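Keep in mind that the numbers below use all heavy atoms, side chains included, and drop hydrogens, waters and symmetry copies. Here the structure is a predicted model, which is why all the values come from computation and not from measurement. Residue numbers begin at 1 in each chain, while the letters A, B, ... track the order of the sequences.
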Number of protein chains: 2
Amino acid sequence: MPDFQQQLREVALRVTRPRLAVLEAVHAHPHADTESIIASARALLPEVSHQAVYDSLHTLTDAGLVRSIKPAGSVARYETRTGDNHHHVVCRSCGEIADVDCAVGHVPCLTASDSHGFVIDEAEVIYWGLCPDCTSRPQ
Amino acid sequence: MPDFQQQLREVALRVTRPRLAVLEAVHAHPHADTESIIASARALLPEVSHQAVYDSLHTLTDAGLVRSIKPAGSVARYETRTGDNHHHVVCRSCGEIADVDCAVGHVPCLTASDSHGFVIDEAEVIYWGLCPDCTSRPQ
DNA sequence: CTGCCGATCTTGACTGATTCAAGAAAGATG
DNA sequence: CATCTTTCTTGAATCAGTCAAGATCGGCAG
């Protein structure tokens, strides 16, 4: 279990109980949506407000301690695995998300053939398909 | 200008004035959001309801005549360029979107190293960065 | 050309994730 | 411990998108 208190100090953020609870919740349930994170955080800190969770998630995302994912058709989801350029595979049927590393190399697809003058700093890849459960249980 | 009436018939959809107006609007303004499409469609068909536009966009998307894009932090956007596996670059500052072809080849990044048993049918890539305007005009 | 049937459209209300705002509480620093 | 901000609580608001009921229209059969 990472030292979340330490992580917060390293990015010059105040150590507050809501933030610790949110970090722990996101770490324990990768790819969880905000509602689930609120529930998990309240297991640790019963009176935390939903707004504090939203604020914490934004702050932690800006600081790079958590990463948010928003596949089309899904609400925002969060994870603590950051800074390693991994991607996600999303089930079209049930919305299940899993991590994947791109086969192409360290900086996959970062080179667009013609970027129209844009200065690109990140390539985000979402693989769409069916998870094992939904594949074996059609309809 | 493509024959939208013909396109609708080819996918067994009824040819209605709202659908023609929506197709024409999306074709004329690639990457436009729903509100803009409603406005453009009303230039052609003044009394069209927002619900008809939403319905048409869904139907046309399901039929493959238009494609929707939902970058994180943006509302849904649409384009008529479909079926060619191109990707998008999105400006973090102003939200501007441009098309890009992936340099890697025809099926970029479609091979994940470990897909956790998912059956993958599409890889969606979004490049994040700054557009030329926002690069030259910082802050 | 006319009538019918089901798909599609209009109207209007509603939902729900996320945001905004004002005041209260609580980290951090000296 | 005192002070100054930042952060949190509370409660309301926003807004893209959806739902539902009835009216209308496109396509096809006669």
Side-chain angles (χ1 to χ4, degrees), chain A residues 3-26 31-42 44-63 65-66 68-78 95, chain B residues 3-26 31-42 44-63 65-66 68-78 95:
Chain A
D3 183 346
F4 298 126
Q5 198 158 331
Q6 173 75 15
Q7 289 189 0
L8 286 169
R9 292 222 158 83
E10 278 170 6
V11 295
L13 286 180
R14 288 192 178 175
V15 177
T16 69
R17 289 192 291 178
R19 284 175 184 168
L20 291 174
V22 167
L23 271 174
E24 196 164 331
V26 174
H31 310 141
D33 61 24
T34 311
E35 197 177 355
S36 307
I37 294 169
I38 292 173
S40 303
R42 284 187 175 150
L44 304 164
L45 187 64
E47 297 305 314
V48 73
S49 66
H50 81 135
Q51 190 60 246
V53 175
Y54 273 98
D55 281 354
S56 299
L57 286 171
H58 278 169
T59 307
L60 296 171
T61 301
D62 290 346
L65 295 187
V66 309
S68 79
I69 326 161
K70 298 182 186 175
S74 166
V75 296
R77 292 163 180 281
Y78 296 87
Chain B
D3 183 346
F4 298 124
Q5 197 157 333
Q6 172 74 16
Q7 290 189 0
L8 286 169
R9 292 220 158 84
E10 278 170 5
V11 294
L13 286 181
R14 289 193 178 176
V15 177
T16 69
R17 287 191 292 178
R19 284 175 183 168
L20 291 173
V22 167
L23 272 174
E24 195 163 333
V26 174
H31 311 140
D33 60 23
T34 311
E35 197 177 355
S36 306
I37 294 169
I38 292 174
S40 302
R42 283 187 175 151
L44 304 164
L45 187 65
E47 296 306 314
V48 73
S49 67
H50 81 134
Q51 190 59 247
V53 175
Y54 272 99
D55 281 353
S56 298
L57 286 171
H58 278 168
T59 307
L60 296 171
T61 301
D62 290 347
L65 295 187
V66 309
S68 79
I69 326 160
K70 299 182 186 175
S74 165
V75 296
R77 292 163 180 278
Y78 296 87

Handout entry: Integer-rounded Å distance: C:dA26 C1' and A:Leu20 CG
Key = 14 Å

Practice task
May I ask you to verify if any side-chain N or O of A:His58 is less than 4.0 angstrom from the OP1 or OP2 atom of C:dT19?
Solution key: yes

Practice task
Check the distance between C:dT15's C1' and A:Glu35's CD and give it to me in whole angstrom.
Solution key: 13 Å

Completion exercise
Rounded to whole Å, NZ of A:Lys70 lies from P of D:dG17 at a distance of 13 Å

Exercise for the section: Using side-chain contact (heavy atoms from CB on, under 4.5 Å) as the criterion, point out the one residue from A:Leu44, A:Val48, A:Asp55 that pairs with A:Pro18. Expected result: A:Val48

Exercise for the section: Would you mind reading off the distance between A:Leu57 atom CG and C:dT18 atom P, rounded to a whole angstrom? Expected result: 10 Å

Practice task
Using a cut-off of 6.0 Å, state whether more than 12 heavy atoms not belonging to A:Gln6 lie near its atom CD.
Solution key: yes

Handout entry: Minimum-distance nucleotide to A:Arg9 side chain [options: C:dA28, D:dA16, D:dG27]
Key = C:dA28

Problem - A:Asp62: partners by side chain to side chain donor-acceptor pair (under 3.5 Å), with sequence neighbours left out - result: none

Handout entry: Whole angstrom value for the distance that separates P of C:dA13 from OH of B:Tyr54
Key = 18 Å

Fill in the blank from the handout: Counting primed atoms, P, OP1 and OP2 as sugar-phosphate and everything else as base, the B/S/- map of nucleotides 7-15 of chain D against protein heavy atoms under 4.0 Å is SSBBB----

Problem - Heavy-atom neighbours of B:Glu10 CD exceed 12 at 6.0 Å - result: yes

Exercise for the section: Measure the shortest side-chain to side-chain distance between A:Leu8 and A:Leu23 over non-hydrogen atoms and say whether it is less than 4.5 angstrom. Expected result: yes

Handout entry: Side-chain touch A:Leu65/A:Val26, heavy atoms, less than 4.5 angstrom
Key = no

Practice task
Whole angstrom is fine here: how far is it from CZ in B:Arg77 over to C1' in D:dG17?
Solution key: 16 Å

